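Right, one structure below, let's go through it.
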Amino acid sequence: QVQLVESGGGLVQAGGSLRLSCAASGRTFSRYKMGWFRQAPGKERGLVASITWSGGSTYYADSVKGRFTISTVNAKNTVYLEMNSLKPEDTDVYYCAATRVGTTWSAPEYWGQGTQVTVSS
(Lines give C-alpha, C1' and ligand atoms only; values in the text may rest on other atoms or scores of the structure.)
Protein backbone atom coordinates (compact mmCIF):
# COMPACT_ATOMS: atom_id res chain seq x y z
CA GLN A 1 0.00 0.00 0.00
CA VAL A 2 1.46 3.31 -1.11
CA GLN A 3 1.55 5.98 1.57
CA LEU A 4 2.71 9.56 1.66
CA VAL A 5 2.72 10.77 5.26
CA GLU A 6 3.26 14.46 5.94
CA SER A 7 4.37 16.00 9.19
CA GLY A 8 5.79 19.27 10.47
CA GLY A 9 2.89 21.66 10.07
CA GLY A 10 1.82 24.00 12.82
CA LEU A 11 1.38 27.58 13.94
CA VAL A 12 4.18 30.08 13.45
CA GLN A 13 4.51 33.86 13.53
CA ALA A 14 5.14 35.81 10.38
CA GLY A 15 8.82 35.79 9.52
CA GLY A 16 9.29 32.40 11.13
CA SER A 17 10.20 29.03 9.66
CA LEU A 18 8.78 25.53 9.44
CA ARG A 19 10.01 22.32 7.85
CA LEU A 20 7.51 19.91 6.38
CA SER A 21 8.39 16.26 5.86
CA CYS A 22 6.82 13.66 3.59
CA ALA A 23 7.71 10.02 4.13
CA ALA A 24 6.99 7.86 1.09
CA SER A 25 6.48 4.10 1.32
CA GLY A 26 4.85 1.16 -0.40
CA ARG A 27 6.66 1.20 -3.75
CA THR A 28 9.83 2.31 -5.52
CA PHE A 29 9.63 6.02 -6.23
CA SER A 30 12.80 6.40 -8.29
CA ARG A 31 10.78 7.05 -11.46
CA TYR A 32 8.53 9.55 -9.73
CA LYS A 33 8.83 13.22 -8.99
CA MET A 34 7.63 14.61 -5.69
CA GLY A 35 5.75 17.79 -5.09
CA TRP A 36 4.23 19.97 -2.40
CA PHE A 37 0.86 21.53 -3.05
CA ARG A 38 -1.18 23.87 -0.89
CA GLN A 39 -4.86 24.63 -0.70
CA ALA A 40 -6.95 27.22 1.08
CA PRO A 41 -10.67 26.67 1.78
CA GLY A 42 -12.70 27.20 -1.36
CA LYS A 43 -9.65 27.47 -3.59
CA GLU A 44 -7.90 25.10 -5.97
CA ARG A 45 -4.92 23.11 -4.85
CA GLY A 46 -1.77 24.65 -6.33
CA LEU A 47 1.75 23.37 -6.84
CA VAL A 48 4.28 25.04 -4.57
CA ALA A 49 7.46 23.11 -5.36
CA SER A 50 8.58 19.88 -6.96
CA ILE A 51 11.73 17.80 -7.21
CA THR A 52 13.02 14.61 -8.78
CA TRP A 53 14.66 12.03 -6.53
CA SER A 54 17.97 12.71 -8.22
CA GLY A 55 17.57 16.32 -7.11
CA GLY A 56 18.56 17.49 -10.54
CA SER A 57 15.29 19.16 -11.37
CA THR A 58 13.37 21.48 -9.10
CA TYR A 59 10.45 23.85 -9.56
CA TYR A 60 9.14 26.64 -7.34
CA ALA A 61 6.04 28.76 -7.65
CA ASP A 62 6.88 32.44 -8.00
CA SER A 63 5.21 33.19 -4.67
CA VAL A 64 7.71 31.05 -2.72
CA LYS A 65 10.95 31.47 -4.70
CA GLY A 66 13.81 32.46 -2.44
CA ARG A 67 11.86 31.51 0.70
CA PHE A 68 11.07 27.79 0.32
CA THR A 69 13.47 24.96 -0.44
CA ILE A 70 12.50 21.45 -1.48
CA SER A 71 14.92 18.59 -0.92
CA THR A 72 15.08 14.82 -0.64
CA VAL A 73 16.89 12.25 1.46
CA ASN A 74 16.76 9.23 -0.80
CA ALA A 75 17.92 6.79 1.85
CA LYS A 76 14.90 7.75 3.95
CA ASN A 77 12.46 8.06 1.02
CA THR A 78 11.62 11.44 2.49
CA VAL A 79 10.94 14.80 0.88
CA TYR A 80 11.26 18.05 2.81
CA LEU A 81 9.93 21.53 2.31
CA GLU A 82 11.91 24.12 4.25
CA MET A 83 9.80 27.25 4.57
CA ASN A 84 11.44 30.49 5.69
CA SER A 85 10.26 34.09 5.98
CA LEU A 86 6.72 32.83 6.27
CA LYS A 87 3.86 35.22 5.54
CA PRO A 88 0.22 35.09 6.63
CA GLU A 89 -0.70 34.36 3.02
CA ASP A 90 1.25 31.10 3.26
CA THR A 91 -1.47 29.81 5.58
CA ASP A 92 -2.92 26.70 3.91
CA VAL A 93 -3.17 22.95 4.11
CA TYR A 94 -0.02 21.55 2.52
CA TYR A 95 -0.12 18.25 0.65
CA CYS A 96 2.66 15.98 -0.53
CA ALA A 97 2.15 14.34 -3.92
CA ALA A 98 3.92 11.95 -6.28
CA THR A 99 3.59 11.51 -10.01
CA ARG A 100 5.66 9.83 -12.69
CA VAL A 101 8.55 11.74 -14.21
CA GLY A 102 7.58 12.89 -17.68
CA THR A 103 3.95 13.56 -16.77
CA THR A 104 2.38 16.79 -15.64
CA TRP A 105 1.06 17.62 -12.20
CA SER A 106 -2.51 17.88 -13.44
CA ALA A 107 -3.48 14.56 -11.81
CA PRO A 108 -0.87 13.28 -9.34
CA GLU A 109 -0.93 9.54 -8.79
CA TYR A 110 -0.54 9.69 -5.03
CA TRP A 111 -1.47 12.20 -2.33
CA GLY A 112 -0.72 12.58 1.32
CA GLN A 113 -3.35 13.45 3.88
CA GLY A 114 -2.26 17.07 4.29
CA THR A 115 -0.80 19.11 7.11
CA GLN A 116 -2.03 22.51 8.28
CA VAL A 117 0.32 25.48 8.24
CA THR A 118 -0.90 28.64 9.94
CA VAL A 119 1.10 31.87 9.90
CA SER A 120 -0.04 34.56 12.30
CA SER A 121 0.57 38.25 11.66
Side-chain angles (χ1 to χ4, degrees):
Q1 180 183 0
V2 174
Q3 283 191 310
L4 302 178
V5 180
E6 301 105 331
S7 60
L11 173 64
V12 65
Q13 288 189 331
S17 299
L18 281 174
R19 188 178 77 160
L20 305 182
S21 301
C22 171
S25 62
R27 69 161 299 139
T28 301
F29 285 92
S30 57
R31 296 185 180 183
Y32 283 73
K33 55 187 177 182
M34 305 298 293
W36 286 97
F37 286 71
R38 64 186 183 185
Q39 184 174 28
K43 294 189 177 181
E44 289 189 1
R45 198 172 291 188
L47 181 64
V48 174
S50 69
I51 190 168
T52 55
W53 284 103
S54 68
S57 179
T58 57
Y59 161 86
Y60 294 95
D62 287 342
S63 58
V64 306
K65 279 181 183 176
R67 300 189 298 123
F68 290 11
T69 303
I70 190 169
S71 62
T72 61
V73 176
N74 291 21
K76 294 183 178 181
N77 256 21
T78 300
V79 181
Y80 300 97
L81 185 68
E82 185 77 34
M83 305 185 295
N84 299 314
S85 302
L86 282 162
K87 306 174 182 180
E89 51 263 44
D90 293 318
T91 296
D92 276 323
V93 178
Y94 284 71
Y95 297 89
C96 179
T99 201
R100 292 179 188 266
V101 172
T103 65
T104 69
W105 282 108
S106 60
E109 192 167 338
Y110 302 109
W111 288 101
Q113 81 285 358
T115 185
Q116 177 70 47
V117 171
T118 303
V119 184
S120 63
S121 57

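Keep in mind that this is a model prediction, so the values were computed, not measured.
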Under 4.5 Å between any side-chain heavy atoms of Tyr94 and Leu18, yes or no?
-> no
Does Val119 offer a backbone N or O that forms a donor-acceptor pair with the side chain of Thr91 under 3.5 Å?
-> yes
Side chains of residues 77-87: which donor-acceptor pairs under 3.5 Å do they make with residues two or more places apart or in other chains?
from: Asn77; atom 1: ND2; to: Ala24; atom 2: O; distance (Å): 3.3
from: Thr78; atom 1: OG1; to: Lys76; atom 2: O; distance (Å): 2.8
from: Asn84; atom 1: OD1; to: Ser17; atom 2: OG; distance (Å): 2.8

Taking Gln39 for the side chain and Asp92 for the main chain, is one N or O donor matched with an acceptor at less than 3.5 Å?
-> no
Is it possible for you to say whether Trp36 and Val12 belong to one hydrophobic cluster, with membership spreading through side-chain heavy-atom contacts below 4.5 Å?
-> yes
Look at the side chain of Gln113 and the backbone N and O of Val5, then say whether any donor-acceptor pair between them is shorter than 3.5 Å.
-> no
Answer yes or no: is there a donor N or O on one side and an acceptor on the other, between the side chain of Asp90 and the main chain of Val117, under 3.5 Å?
-> no
Step by step, work out the side-chain contact (heavy atoms from CB on, under 4.5 Å) result for Trp105 and Tyr59.
-> CA-CA 12 Å; Trp105 282 108; Tyr59 161 86; over 6 Å; no
Qualifying residues under side-chain contact (heavy atoms from CB on, under 4.5 Å), relative to Arg100, sequence neighbours excluded | Arg27, Tyr32, Thr103, Glu109
Residue set satisfying ring pair (Phe, Tyr, Trp, His ring centres under 6.0 Å) with Phe68, at least two apart, ordered chain then number -> none
Check whether any side-chain heavy atom of Lys33 lies under 4.5 Å from a side-chain heavy atom of Thr52, and answer yes or no.
-> yes
Output yes when a side-chain donor or acceptor of Tyr60 lies under 3.5 Å from a complementary backbone atom of Arg67, and no otherwise.
-> no
